[in-house]
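What follows is a single structure, written as structure tokens, with notes after it.
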Amino acid sequence: MDVFLDSKIISDKELSSNAVVAYTALRMIQNLNTNKYYVNIKLLAFQLTDDITLSRKYVERLSDGLNELIVNKYIEVITNKADKDYILDISNLIIDNNSDGSKDKTFFVVIDSDEIHKIMNLDSRLDKFSVLRYFMCMLSTVNYSATYYDVMGKEYINFVGFMTNDYIGSLCGVTSYTTYDKYNHLLEENEMIYIYRHSILIRDEKGQLKNLPNHYGRYKDKGLIIGYSVNRENFELGEDIVDKKANESRSLMQKYYCMVKYGTEYPEKETKRIHKYVHYRNQQNEKKYEQAVEKGYSGEEFLEKIVPEDIFQKYDYLFEKSSSGCENINTDSADDNWGEPVSMEHDFTVEEILDMPTEGEVQMNLP
């Protein structure tokens, strides 16, 4: 069953996630021909989870959310009892898309009841009330005019969004990157959403580099999202794009230069990343030098790119021994995937790196 939700209500900052989830449950039982409904909390809980075996805290949150809707006059109490049985007038929740020109058009998001059930039954410590609201707010930002044509020429619309996480979070009161990052990964792992994370940076009209916002949508539309995103990279952005890994490599080498030239100190995690990349870069250039000599060439162009590593000797934590007795320099590798060795056209001397945009000129938009 498709559930139509008013975008203004699910993103109303005066309402808690409890109220938004209670509103969702009421919309699941509402139809156009009835105004008054007999409601109790277990009925709402069943709509959300397809189950009535729920914790006391869960029931209390739904009750609090329902009362919040009453206080804010989204719904009206006709009759209620002490055991939380209600007769409610919920006619204000009807979405009218046939309003005349004197009224604002209602914008809504459509959620499948199975999606609601799946999220509310997730095996996770994260707050499922907040996760559901985040999911609904994310889908409310899908761009209805974004168009994709497959190889057969079939047109697809209403499947992809590209707003920043900061914006989506602002709709549902999530301001912490750590929090919405956890929500994203939970929804991805459970195949509720798919996020295409771009591996490029884009240069804006001022010449500054910034991240290209991710593209996202329902998991079932994964193929369309990938196709749309790749087309955007290949055909729309053109010369304004910069490879993110190459830019990251330049940034690390700039920091290395600052350490050598100015004695700049970086936090331990960042120093590990700088050391790891410089060491990796030197190894690759040494290998290329040896291969060039074997073929009868001088290989000097590779020797010129090998830089001293003695600046790192004072950091004992870079050379701590693991239990196997090997040097432990491969720490914090989650963000250090540079892929294949950087080819010569993208390998720079320290002097060349100084002429490139500094890290401070890169405007970070959305990880």
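Computed from a predicted structure; not experimentally measured.
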Check against side chain to side chain contact (heavy atoms under 4.5 Å, CB included), Met120 and Val21: CA-CA 10 Å; Met120 296 306 287; Val21 171; 4.2 Å; yes
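- Under the 4.5 Å side-chain heavy-atom criterion for ILVMFWY residues, no single connected hydrophobic cluster contains both Leu62 and Ile87.
- Under the 30°/60° scheme for interplanar angles, the aromatic rings of His198 and Tyr196 are found to stand perpendicular.
- To the nearest 0.5 Å, atom OG of residue Ser229 and atom OH of residue Tyr148 are 10.0 Å apart.
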Asn214 vs Arg197, side chain to side chain donor-acceptor pair (under 3.5 Å): CA-CA, chis, key distance, verdict: CA-CA 5 Å; Asn214 298 329; Arg197 294 174 172 84; 5.5 Å; no
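- Rounding to the nearest 0.5 Å places OH of Tyr177 at 8.5 Å from CG of Asn184.
- In summary, the side chains of Asp166 and Tyr180 do present a donor paired with an acceptor at a separation below 3.5 Å, with no hydrogens or angles considered.
- The OG atom of Ser130 lies 4.0 Å from the OH atom of Tyr183; values are rounded to the nearest 0.5 Å.
- Not a single salt bridge (charged side-chain N to carboxylate O under 4.0 Å, His left out) links Arg133 to another residue, sequence neighbours left out.
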Side-chain polar contacts of residues 151-163 - donor-acceptor pairs under 3.5 angstrom, sequence neighbours left out - could you list them?
| from | atom 1 | to | atom 2 | distance (Å) |
| --- | --- | --- | --- | --- |
| Glu155 | OE2 | Tyr149 | OH | 3.4 |
| Tyr156 | OH | Asp150 | OD2 | 3.2 |

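- Both Leu318 and Tyr266 sit in one connected hydrophobic cluster of ILVMFWY residues. Membership requires side-chain heavy atoms under 4.5 Å apart, directly or through other members.
- Hydrophobic clustering keeps Tyr144 apart from Met136 (ILVMFWY residues linked when any side-chain heavy atoms are closer than 4.5 Å, directly or through intermediates).
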Residue pair Tyr315, His275: steps toward the ring-ring contact (aromatic ring centres under 6.0 Å, His included) verdict: CA-CA 10 Å; Tyr315 302 106; His275 172 242; 9.0 Å; no
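- Ring pair Tyr280/Tyr277 is tilted by interplanar angle, where 30° to 60° counts as tilted.
- The stretch residues 108-118 participates, sequence neighbours left out, in these side-chain hydrogen bond (donor to acceptor under 3.5 Å, both in side chains) pairs: Glu115-Arg218.
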Test log, rule side chain to side chain contact (heavy atoms under 4.5 Å, CB included), inputs Thr164 and Tyr167: CA-CA 5 Å; Thr164 66; Tyr167 176 77; 3.5 Å; yes
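- Comment: Glu301 does not engage Lys305 in a salt bridge, judged by the lack of any side-chain N to carboxylate O separation of less than 4.0 angstrom.
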Candidate pair Tyr37 and Asn35, rule side chain to side chain donor-acceptor pair (under 3.5 Å), full reasoning: CA-CA 7 Å; Tyr37 293 81; Asn35 289 335; over 6 Å; no
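- Summarising the geometry, atom CG belonging to Leu15 is positioned 11.0 Å from atom NZ belonging to Lys13; distances are rounded to the nearest 0.5 Å.
- No single ILVMFWY cluster, assembled from side-chain heavy atoms under 4.5 Å apart, contains both Tyr38 and Leu69.
- Transitive grouping of hydrophobic side chains (ILVMFWY, heavy atoms separated by less than 4.5 Å) keeps Ile94 and Ile78 in distinct clusters.
- More than 12 heavy atoms of other residues, nucleotides or ligands shown are found within 6.0 angstrom of CD on Gln313.
- Sorted by first and then second residue, the pairs that involve residues 55-75 and meet ring-ring contact (aromatic ring centres under 6.0 Å, His included), not counting sequence neighbours, are Tyr58-Phe129.
- Grouped with Phe46 in one hydrophobic cluster are Ile52, the linkage being side-chain heavy-atom contacts under 4.5 Å among Ile, Leu, Val, Met, Phe, Trp and Tyr residues.
- Using modelled atom types, one finds a donor on one side chain and an acceptor on the other under 3.5 Å when comparing Glu309 with Asn282.
- Not counting sequence neighbours, Tyr216 has no partner by the ring pair (Phe, Tyr, Trp, His ring centres under 6.0 Å) test.
- For the pair Lys36 and Glu76, the salt-bridge criterion is not met [side-chain N within less than 4.0 Å of a carboxylate O].
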Full working for side chain to side chain contact (heavy atoms under 4.5 Å, CB included) between Lys8 and Phe107: CA-CA 7 Å; Lys8 288 183 179 178; Phe107 293 94; 5.8 Å; no
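- Salt bridge status for Arg273 with Glu270: present, with a side-chain N to carboxylate O gap under 4.0 Å.
- Partner of Tyr134 under the side-chain hydrogen bond (donor to acceptor under 3.5 Å, both in side chains) criterion, chosen from Thr179, Asp127, Asn165: Asn165.
- Side-chain contact check for Leu187 versus Tyr219: every heavy-atom pair is 4.5 Å or farther apart.
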